[in-house]
Amino acid sequence: MSDPANITLVTMDGTTFTVPSAYLHRSKLVQDWLRSEGDKQAMEVKHVTPFVLQGVLNFCEIHAEDTSEPLADPADPTKPFEADPRDDAFRGMPDDQLLQFTMAADILQIPELVRLTAQEMASRIDGKSPDQIRAMFNPDDLAEEDVDSDNEMGEVGEEGAISK
Amino acid sequence: MPQPTLPPEILHHIFSIFPTDDAQGHVNDCTPLFCCTAVSRDWRSVALPMVWNQLHLLCNTDPTHLDALKRFFRLMDSGAALKNGFDYAGYIRKITISVTGFRRDLNIAMVMPTFVRIFGLLAPGQLNTLEVHIPERYPAAFSQILAALVPLMTSLKSFYLEDSHGSLHDADNLVRHLPLSLEELDLTGEHSYDDDDDMFVFAQMPDPLAQPPLLAQPPPPAPTPAVAPKPPDHTHIFTLPNLRHVTLKNQTSLPAASLAHGLQTWGARLTCLSLIFCDKLYTDAVLRALASHCPRLTSLTLVIPDRTSVTHQLITDRALADLLDACHSLESINFCNVHAVSDRFLARCAAGPAARALRSIDIQHAGPQLTGSSVVDVSGWAKLEELSVSYRWMEGWEGGTRKEMDARFVRAVRDGCKAMKLCWLGMERVVGPRKMREYWFGEDSCVDGEESDDESLSNWSDGDWWSCELEGDASDEEEEGDGDGDAVAYYG
């Protein structure tokens, strides 16, 4: 790597982003890469689109100066989540983009971003029916036998206390 | 076209944000987590084990509840679930058994068969947490429930037993079967009515299931000599080597020597110890064993019952201070009615290097020997975030009616403890919001205009404890008293 102060990331379509390495000090993937392959010209970030990587880098730039201790685990119950107004952009984005950012945060292993996107996904899921959730995030469908099982649970509900 | 699939660990993280509930609660109320089981195969495979992670079995003989319980068992046992590879019962890791309120008309025999059938669906070793609240009056049926639990206890990591009414043999049997894998233990023994007036009143209530008196009363049987019940034998817990958290409550027959032996067994693994209303365990020998064998202790709670007079408390302030020296990781101490907590202890705690890790100190029902007099060096409390000292304020109670601590000590805490977030000394708020609710739930939790105007002590017993406002802002008041006296010397 010609400039140790900067790092170049290459997305799935070949788009390059060169940013200060300090921006990505919370990314475990990047830190591991710098330690093992830091002499290479650029780090490939497959499965991440330029648009999403740009958003992730924006998040990293915003939080580059944060003095808080890096999260070891995004699910750490001892460190409750606190909404940060600087992250409002993530709360207003469409569902499909939120899903892509969640995956990018997981790929780059940035616990703070994983926690932010997971909190936003949970808040959008809360109160929705399975059909509504499917419409939002369009995951793979349930298999037919699973639907049978669901119906069985529903039938139990029709009898009384257990309803679906 | 389907979106890319989130990895299971991310889905698990998202789902774990939802409120936890027991399996029946998830299914009955169709919680967000339960809805996630019906979204996709990937979501279902992650959410189902979370839905079925814990099961709360309620001893409730209401017909609606019984019907729901039977239907729930059929759901667990359904062939459809197994056919799809989703073994609902196999996901259960925690079981809680409790009773609704203080029901005297409880007929546990009505729920027992279903409970036992549910236990039969579980594999030995799959449970990691068991929580049992033995009801006040239980027939032989509850013994069968407890006996059916024993085979499931082989790999427990957490065990909670509340046997407030002394079922003796059955509780003993459960405790004897605790496995070596156990890491957390909470044992609550037979309730002492001396410490709870409500329970005493309840114990005097007539039994509605008792046979009505006959018009012609048969002669009463000859009184049989009372046989004192054999006290529970829980000494098996002192042989469990992996215990990290131990809470013993109302264990009045446990001898101090046995606990000292247990502390040697638990050793450096022990991090949290709570001794609540355990009459025989408040001795220097226990504290010394703790200091010798448990250097990683982070939390210590000692609650001494009111019935234990000062002369029967076998703890000295020197042993308490030595404990601080030995347990450098101690972060939280909670003492109630511990008369050994004196000014000498306070001085050593506040200034000594051993207290550097302390973040929370709560001293309730402090004795008259704790005033803060001459304690002005608080350099050891650099990380201390919460400090509370309270006295008994009712007339005639042992400990007097002290409300204030020494002014110089109060000033030293206010000026010297930079990390302090909440501090009440006597009846004086030294650091923190005016209302406790603000501290615990944030400023938004307090509605304007709901403050109480009554600043009398009666607020604490009759009013909204969270909202009451006792003294004016301490920082605005002129402190009284000069706190005369020589600085308290360290122990040798």
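Just the heavy atoms: all of them, side chains too, but no hydrogens, waters or symmetry mates, feed the values below. Since the structure is predicted, the reported quantities are computational estimates derived from the model, not experimental observations.
Rounded to the nearest 0.5 angstrom, Ile17(B) CD1 and Gln119(A) CD are separated by 4.0 Å. Distance CD1/Ile125(A) to CZ/Phe18(B): 4.5 Å, rounded to 0.5 Å. Note that NZ of Lys128(A) and SG of Cys36(B) are 11.5 Å apart. Values are rounded to the nearest 0.5 Å.
Heavy-atom contacts from other residues, nucleotides or ligands closer than 6.0 Å to NE2 of His56(B) number more than 12. The environment of Arg117(B) atom CZ is sparse: at most 12 non-hydrogen atoms of other residues, nucleotides or ligands sit within 6.0 angstrom. Arg86(A) CZ: more than 12 foreign heavy atoms inside a 6.0 Å radius.
The shortest non-hydrogen separation linking Pro130(A) to Cys35(B) is CG-O, 3.5 Å. Taking both residues in full, the closest heavy atoms of Pro32(B) and Gly127(A) are given as CG-N, 4.4 Å, listed atom of the first, atom of the second, then distance. In plain terms, the two heavy atoms of Pro74(A) and His13(B) that are nearest each other are O-CE1, 3.2 Å.
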Side-chain donor-acceptor pairs under 3.5 Å in residues 107-117 of chain A, sequence neighbours left out?
from: Glu112(A); atom 1: OE2; to: Arg26(A); atom 2: NH1; distance (Å): 2.9
from: Glu112(A); atom 1: OE2; to: Leu71(A); atom 2: N; distance (Å): 2.8
from: Arg115(A); atom 1: NH1; to: Lys79(A); atom 2: O; distance (Å): 2.3
from: Thr117(A); atom 1: OG1; to: Leu113(A); atom 2: O; distance (Å): 2.9
from: Thr117(A); atom 1: OG1; to: Val114(A); atom 2: O; distance (Å): 3.1

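Contact annotation: the side chain of Phe137(A) never approaches that of Val39(B) to less than 4.5 Å [non-hydrogen atoms, C-beta and beyond].
Only the side chain of Glu9(B) comes within contact range of chain A, with heavy atoms under 4.5 Å apart. No part of Glu120(A) comes within reach of chain B, as not one of its non-hydrogen atoms sits under 4.5 angstrom from that chain.
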### Task
Any chance you could lay out the side chain to side chain contact (heavy atoms under 4.5 Å, CB included) test for Met121(A) and Leu6(B), step after step, and finish with the verdict?
CA-CA 12 Å; Met121(A) 284 199 69; Leu6(B) 287 170; 3.9 Å; yes
